[in-house]
Amino acid sequence: MAHRNLDQLDKKILKMVCDDARVPFLEVARACNVSGAAIHQRIQKLTNLGVLKGSQYVIEPEKIGYETCAYVGLYLKNPEDFDSVVSALRHIPEVVECHYTTGGYDLFIKIYALNNHHLLDIIHGKLQPLGLSRSETIISFKSIIDRPLPIDNMPIEDEDNE
């Protein structure tokens, strides 16, 4: 995975759009003292580089009834089934994250469930049939820190070396 060198303008744009994804490009342009077209081009460049992955509304799961957040470490019976298990996990809507990790787990996932009974149904009815030898579940009581990476600490490209 390549590291992207970003300049001071990129950094300022990223800070503004990460603070408010709906900020108008013209407002960003005024704050950066460049044209709206320049901001549009920079946003497009950052998107094409994969630095920006789009914008979205963030739904608070608890506000729509999903009261249980759990992290589940999955152990596969047959590690060669890895790709098919990941594919199946993509079709379970309660699975919101899936990670390849170091350590004992073959996969580590994050799940939102309506309650503990629903979580048990997901584990027994949707996860176990995927070919797990076992799983380990950790229930999160509350997220204490949930934030994006700080833009202020991001390395910037040395403009003299361009």
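Everything numeric here is computed off the predicted structure, so don't read it as measured data.
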_Polar side chain donor-acceptor pair, Y112 to E62, under 3.5 angstrom_ = no
*If you look at every heavy atom in H124 and Q128, which pair is closest and at what distance?*
O-CB, 3.8 Å
*asked:* Are the side chains of V72 and I122 in contact, using a 4.5 Å heavy-atom criterion?
replied: no
_salt bridge (charged side-chain N to carboxylate O under 4.0 Å, His left out) evaluation trace for D81 with K77_ = CA-CA 8 Å; D81 294 339; K77 285 180 188 173; over 6 Å; no
*Using the side-chain contact (heavy atoms from CB on, under 4.5 Å) rule, pick out the option among N78, L76, D83 that qualifies with E80.*
N78
*Check: T47 side chain, I43 main-chain N or O, donor-acceptor pair, under 3.5 Å*: yes
*asked:* Are L114 and I59 connected into the same hydrophobic cluster when the rule is that any two of I, L, V, M, F, W, Y join if their side-chain heavy atoms are below 4.5 Å apart?
replied: yes
*Taking atom CG of L107 and atom CD of E97, what is their separation to the nearest 0.5 Å?*
13.0 Å
*Does NZ belonging to K126 count more than 12 external heavy atoms closer than 6.0 Å?*
yes
*Do H99 and I109 come close enough that some side-chain heavy atom pair is under 4.5 Å?*
no
*asked:* I'd like to check E136 versus Y105 (side-chain heavy atoms, cut-off strictly below 4.5 Å). Are they in contact?
replied: yes
*Nearest 0.5 Å please: distance from the OH atom of Y75 over to the CG atom of L132.*
11.5 Å
*Do I139 and Y66 belong to the same hydrophobic cluster, where Ile, Leu, Val, Met, Phe, Trp and Tyr are linked whenever their side-chain heavy atoms lie under 4.5 Å apart, directly or via other members?*
no
_Are L26 and L14 linked, directly or through intermediate hydrophobic residues, by side-chain heavy-atom contacts shorter than 4.5 Å (ILVMFWY only)?_
no
*Output the distance between atom CD (Q41) and atom OG (S35), rounded to the nearest 0.5 Å.*
7.0 Å
*Reported SG-to-CD distance for the pair C32 and Q8, which is rounded to 0.5 angstrom*: 9.5 Å
*With the 4.5 Å side-chain cut-off for hydrophobic clustering, are V23 and V51 part of the same group?*
yes
*For Y71 and S140, work out which heavy atoms get closest and say how close.*
CE1-CB, 4.0 Å
*asked:* Using the side-chain contact (heavy atoms from CB on, under 4.5 Å) definition, which of the options L119, I92, L89 pairs with I111?
replied: L119
*Is there a path from V96 to L130 through hydrophobic residues (I, L, V, M, F, W, Y) whose side chains come within less than 4.5 Å of each other?*
no
*Do the ring centers of F108 and Y100 come within less than 6.0 Å of each other?*
no
*Under the 3.5 angstrom rule, does the side chain of D10 hit a backbone N or O of D7 as a donor-acceptor pair?*
yes
*Taking all non-hydrogen atoms of both residues into account, name the closest pair between M16 and A31 and its distance.*
SD-CB, 3.6 Å
*If you count the non-hydrogen atoms of other residues, nucleotides and ligands that lie under 6.0 Å from CG in D19, is the total more than 12?*
yes
*asked:* With a sphere of 6.0 Å drawn around CD1 of I64, does it hold more than 12 non-hydrogen atoms of other residues, nucleotides or ligands?
replied: yes
_Just verifying a value: how many Å separate L127 CG and E94 CD, rounded to the nearest 0.5 Å?_
9.0 Å
*asked:* What I want to check is whether the side chains of N116 and T68 have a donor and an acceptor closer together than 3.5 Å.
replied: yes
*Say you draw a straight line from OG of S133 to CG of L74; how long is it, rounded to the nearest 0.5 Å?*
9.5 Å
_Walk me through whether L6 and K11 qualify under side chain to side chain contact (heavy atoms under 4.5 Å, CB included)._
CA-CA 7 Å; L6 306 175; K11 184 176 171 180; 5.8 Å; no
